[in-house]
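Below is one structure, written out as structure tokens; the observations come after it.
These numbers come from the heavy atoms of this one structure, side chains and all, not from hydrogens, waters or symmetry mates.
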Amino acid sequence: MIDVLASGPSSTIQDLGRPGLAALGVGASGAADRHSLRLANRLVGNPEGAAALELTLGGLRLRFGCDARVALAGAPCAVVAGERRRPLAMGAPERVAAGEELRVGVPPAGVRTYLAVAGGIAVEPVLGSRSTDTLAGVGPSRLARGDVLPIGPAPCTPAPAATELAGTADVAVAAEPVLQITPGPRADWFTDGARGLLGATAWTVTPDSDRVGVRLDGPPLERCVGGELAPEGMVEGALQVPPDGRPVLFLADHPVTGGYPVIAIVAPADIPLAAQARPGTVLRFRPSRRGLTLFT
């Protein structure tokens, strides 16, 4: 078992989510930065989709009731364990002894850090996943002081050697992310100028961003088609444009449907970069070859 002594600004349990249920009104949820979740799990010998902890801006304190193998990936933090505050490395398997306290600091860059434990966090799954969906309220609650987290049986698979992970431990934190986009289903609802502006603007991440979506500040994108839009299915990476003209980039806990036009879709491979963009970060969109003509 693991005792939660402090949860930080927002810590949740996440795995790779519950895909395939959108037709029933259930979003996929799961880790906002799946690359980092997979990496943390691989480092301790878990299956890549095992449940781990997603920390938003650090601040987590845990006490381990047994010896454990742990690993952290994602936004880099100072991490210490035990009374002597023994430093633990990011991106590497580490040992924590029974009774030791683990403390995770605030990352100087990025937003989300993932803490995997050999055996995974063994809370009861809901609809096939242990992920916390903060919008729908599905899955376990956000972590709080006093929570006790069960750990599953440690895997027989040993932690991989550093050479096996060469090139995979790059942290998905960029000073000024550039995200590849393709045209959305309602790109033709926007003027030529608005479509060009999307790729030409340096957008700023606003403080009201969360696991639902990254809200962006910049010049409003003008529509050429007015009126209301019936609710349509939404996907992770959709750039939905509300009436104020400033896009919202949907992340893991996005709604299943939405009624505002989607001008573009961010490539799945670039979602981790968006998930690690903290308020004040400037990001840009680069049209893929398929969308180059439409957005230039």
Side-chain angles (χ1 to χ4, degrees), residues 6-12 14 30-43 52-62 70-81 85-94 102-116 134 142-143 162 165-181 201-218 236-237 239 247-253 266-286:
S7 61
S10 179
S11 297
T12 58
Q14 299 294 341
D33 176 356
R34 290 181 174 84
H35 170 79
S36 294
L37 173 80
R38 289 187 171 105
L39 175 57
N41 274 319
R42 288 185 63 196
L43 286 165
L53 302 182
E54 179 182 279
L55 289 52
T56 301
L57 299 177
L60 186 69
R61 289 174 52 208
L62 305 173
V70 304
L72 293 100
C77 299
V79 186
V80 296
R85 306 287 178 92
R86 181 179 80 260
L88 304 185
M90 292 282 302
E94 294 276 8
L102 182 146
R103 297 171 179 248
V104 183
V106 178
V111 179
R112 296 175 172 92
T113 303
Y114 293 83
L115 171 62
T134 60
R142 297 175 193 259
L143 297 193
L165 292 169
T168 67
D170 298 333
V171 176
V173 175
E176 192 169 306
V178 178
L179 312 179
Q180 183 171 272
I181 55 173
T201 298
W203 299 94
T204 302
V205 177
T206 69
D208 53 351
S209 301
D210 54 21
R211 279 181 47 85
V212 176
V214 178
R215 296 182 180 274
L216 302 172
D217 190 25
E236 186 178 45
L239 274 170
V248 179
L249 197 174
F250 279 157
L251 294 182
D253 288 353
V266 172
D270 288 344
I271 295 297
L273 288 170
Q276 294 291 1
R278 68 199 303 167
T281 298
V282 171
L283 59 79
R284 297 177 180 274
F285 298 109
R286 181 184 65 213

Q. Can you list the residues that meet the ring pair (Phe, Tyr, Trp, His ring centres under 6.0 Å) rule with Phe250, with sequence neighbours excluded?
A. His254
Under 3.5 Å donor-acceptor, [X] side chain and [Y] backbone:
{"X": "Ser10", "Y": "Thr56", "value": "no"}
{"X": "Asp253", "Y": "Arg211", "value": "no"}
{"X": "Tyr114", "Y": "Asp33", "value": "yes"}
{"X": "Arg142", "Y": "Pro9", "value": "no"}
{"X": "Ser11", "Y": "Leu55", "value": "no"}
{"X": "Thr113", "Y": "Gly58", "value": "no"}
{"X": "Arg278", "Y": "Gly110", "value": "yes"}

Q. Looking at Val214, Ile181, Leu283, which hits side-chain contact (heavy atoms from CB on, under 4.5 Å) with Val266?
A. Ile181
Interatomic spacing from [atom1] in [X] to [atom2] in [Y] - rounded to 0.5 Å:
{"X": "Leu143", "Y": "Thr12", "atom1": "CG", "atom2": "OG1", "result": "7.0 Å"}
{"X": "Leu62", "Y": "Arg103", "atom1": "CG", "atom2": "CZ", "result": "11.0 Å"}
{"X": "Arg86", "Y": "Leu102", "atom1": "CZ", "atom2": "CG", "result": "9.0 Å"}
{"X": "Asp210", "Y": "Leu251", "atom1": "CG", "atom2": "CG", "result": "8.0 Å"}
{"X": "Arg284", "Y": "Leu179", "atom1": "CZ", "atom2": "CG", "result": "11.5 Å"}

Looking at [X] and [Y], what are the two nearest heavy atoms and their distance?
{"X": "Asn41", "Y": "Ala116", "value": "OD1-CB, 3.6 Å"}
{"X": "Gly30", "Y": "Ala252", "value": "O-CB, 3.3 Å"}
{"X": "Ala32", "Y": "Ile271", "value": "O-CG2, 3.9 Å"}
{"X": "Ala277", "Y": "Val205", "value": "O-CG1, 3.8 Å"}
{"X": "Gly74", "Y": "Ser36", "value": "CA-OG, 3.3 Å"}
{"X": "Ala71", "Y": "Leu43", "value": "CB-CB, 3.5 Å"}

Minimum side-chain heavy-atom gap [X]-[Y] below 4.5 Å:
{"X": "Thr281", "Y": "Pro177", "value": "yes"}
{"X": "Cys77", "Y": "Val104", "value": "yes"}
{"X": "Trp203", "Y": "Leu249", "value": "no"}
{"X": "Leu216", "Y": "Val248", "value": "no"}

(Q) Is it true that Thr206 and Asp217 share a donor-acceptor pair across their side chains at a distance under 3.5 Å? (A) no
Q: For the pair Arg34 and Glu236, find out whether any cationic side-chain nitrogen is under 4.0 Å from an anionic carboxylate oxygen.
A: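 Here Arg34 pairs with Glu236 in a salt bridge, since their nearest N and O are under 4.0 Å apart.
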